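Predicted model only: the values in this text are computed from it and were never measured. Remember, it's 1-based here, ligands and their atoms both numbered in the order they're listed.
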Amino acid sequence: MSKLLDDIIKVSEEAGRIMQTAKRPKVMEKSGHANFCTETDEKIQAFLIEKLSGLLPQASFLGEEDGQDVFTSKMSRGYCFVIDPIDGTSNFIYSYHPSVVSIGLLKEGKPYMAVIRNPYDEMTFSATAGQGAYMNGEKLLSSDAPLSDSLAVFGTAPYYTELQDQTFEYARKLLPLCVDLRRSGTAAWDMCCVAMGRCSLYFEMRIQLWDYAAAALVASEAGCSVTDIKGDPLSYQGATSILCRARGVSEIPKPFLTD
Ligand code: IPD
Ligand code: CA
Ligand code: CA
């Protein structure tokens with residue numbers, strides 16, 4: 001493993017400890033229904049920026065909680081850390097685990113390294129482009145089971161009200177094609193679950209770059225196909241729909257092709 005990846009993993013583990021030991025955080029509302037941020041999100045983001053810029057001083061940052069939430073052309077040059085200090089903030093507020101720390105590193109606008117830390121289960125996912133994905137040092141390979149023999153997960157961000165009917169329509173059509181549906185509350189964790197074979201498909205109608213920058217690399221390095229919902233490549237420049245399929249789901253399932 002490279003020293004840089006090892007160092008990012010250590011930073012993610014410290015950040016995970018801040019999350020896990022935080023007491024009753026003050027909750028702030030962002031725009032839209034049930035779109036929250038807490039003091040702990042801000043504290044972890046500040047911690048990540050301080051520590052990660054120490055590791056790679058030339059890197060720029062795109063983070064959810066500090067106003068740098070617009071992808072700029074500067075971020076597609078050199079190194080750019082894309083961080084979500086707490087993916088699963090509502091889970092965090094309601095103690096409904098998991099929530100994860102997500103750290104993606106882009107190089108020339110393309111996914112280069114990824115680390116995702118789930119402190120509650122002591123699980124660290126990591127990946128480097130072209131070099132595979134790992135969980136606590138063990139190589140990951142997504143499931144080769146067919147969808148009919150697998151769980152599927154989906155995301156329903158409550159603040160994008162205009163996407164709800166379509167989201168639940170896809171979910172309704174997907175349910176008879178799989179064993180059952182799940183909803184975890186963290187997009188990064190959903191993709192880690194597809195990467196490690198707990199489920200075989202994840203979809204969501206809109207997620208942000210900090211939700212997928214790390215997890216999409218972990219999943220694709222574990223053999224998953226990670227595209228937008230129509231099967232086109234991810235932009236790595238901002239919000240997108242997402243469809244993450246394990247090895248056993250080689251075709252895009254019908255519900256996503258019909259609308
Ligand atoms: C959210 C979670 C959720 C997904 C939303 C994201 P946050 O991130 O990943 O699972 O459905 O689209 O915004 O707000 O908890 O960091
Ligand atoms: Ca997020
Ligand atoms: Ca977040």
**Message:** Please give the atom name: the N, O or S atom of Asp211 nearest to the Ca ion (ligand 2).
**Reply:** OD1
**Asked** Just which atoms of ligand 1 are under 4.0 Å from any heavy atom in Glu64?
**Response** 16 (O)
**Prompt:** Side chain or backbone of Gln208 under 4.0 Å from ligand 1, or both, or neither, by non-hydrogen atoms?
**Reply:** neither
**Prompt:** Using 4.0 Å as the upper bound for N to carboxylate O, is an ion pair formed by Arg17 and Glu14?
**Reply:** no
**Asked** Can you give the angle Asp84 OD2 - the Ca ion (ligand 2) - Asp87 OD1, rounded to 10°?
**Response** 90°
**Message:** Give me the atom names and distance for the closest heavy-atom approach of Ser102 to Trp210.
**Reply:** OG-O, 3.8 Å
**Fill in**
Gly88 heavy atoms within 4.0 Å reach ligand 1 at atoms 7 (P), 15 (O), 16 (O)
**Prompt:** Counting from 1, what ligand 1 atoms have a heavy atom of Thr89 closer than 4.0 Å?
**Reply:** 15 (O)
**Ligand-side contact atoms (ligand 1) for residue partner Thr186, heavy atom cut-off under 4.0 Å** = 2 (C), 9 (O), 10 (O)
**Request:** Look at Pro85 and state whether any of its N, O or S atoms is less than 3.0 Å from the Ca ion (ligand 3).
**Result:** no
**Residue Ile86 vicinity, atoms of ligand 1 by number, heavy atom under 4.0 Å** = 16 (O)
**Message:** On a heavy-atom basis, which atom in Leu209 and which in Gln237 lie closest, and how many Å separate them?
**Reply:** CD2-C, 4.0 Å
**Message:** Is there a polar contact, in the sense of an N or O pair closer than 3.5 Å, between Tyr160 and ligand 1?
**Reply:** no
**Asp84 neighbourhood, listing ligand 1 atoms whose heavy-atom distance to it stays under 4.0 Å** = 16 (O)
**Message:** Check for me whether the distance between the ring centres of Phe125 and Tyr134 falls short of 6.0 Å.
**Reply:** no
**Asked** Under the 3.5 angstrom rule, does the side chain of Ser142 hit a backbone N or O of Arg247 as a donor-acceptor pair?
**Response** yes
**Request:** Could you check which of Ser184, Gly155, Gly185 puts a non-hydrogen atom nearest to atom 3 (C) of ligand 1?
**Result:** Gly185
**Message:** Report the atom name of the nearest N/O/S atom of Glu64 relative to the Ca ion (ligand 3).
**Reply:** OE1
**Asked** Can you list the ligand 1 atoms lying under 4.0 Å from a non-hydrogen atom of Arg183?
**Response** 3 (C), 10 (O), 11 (O)
**Asked** Quick one: does Asp7's side chain have a donor or acceptor within less than 3.5 Å of a partner on Leu52's backbone?
**Response** no
**Request:** Of the side chain and backbone of Asp87, name the one, both, or neither that has a heavy atom under 4.0 Å from an atom of ligand 1.
**Result:** both
**Request:** Could you walk me through whether Glu204 and Tyr202 pass the side-chain hydrogen bond (donor to acceptor under 3.5 Å, both in side chains) test, one step at a time?
**Result:** CA-CA 7 Å; Glu204 185 155 354; Tyr202 155 71; 2.8 Å; yes
**Message:** Closer than 4.0 angstrom, basic N to acidic O: yes or no for Asp41 and Lys43?
**Reply:** no
**Request:** Check Leu163 against Arg206 and note the closest heavy-atom contact, atom names and distance.
**Result:** CD1-CB, 3.7 Å
**Item:** More than 12 heavy atoms of other groups within 6.0 Å of Gln58 CD
**Value:** yes
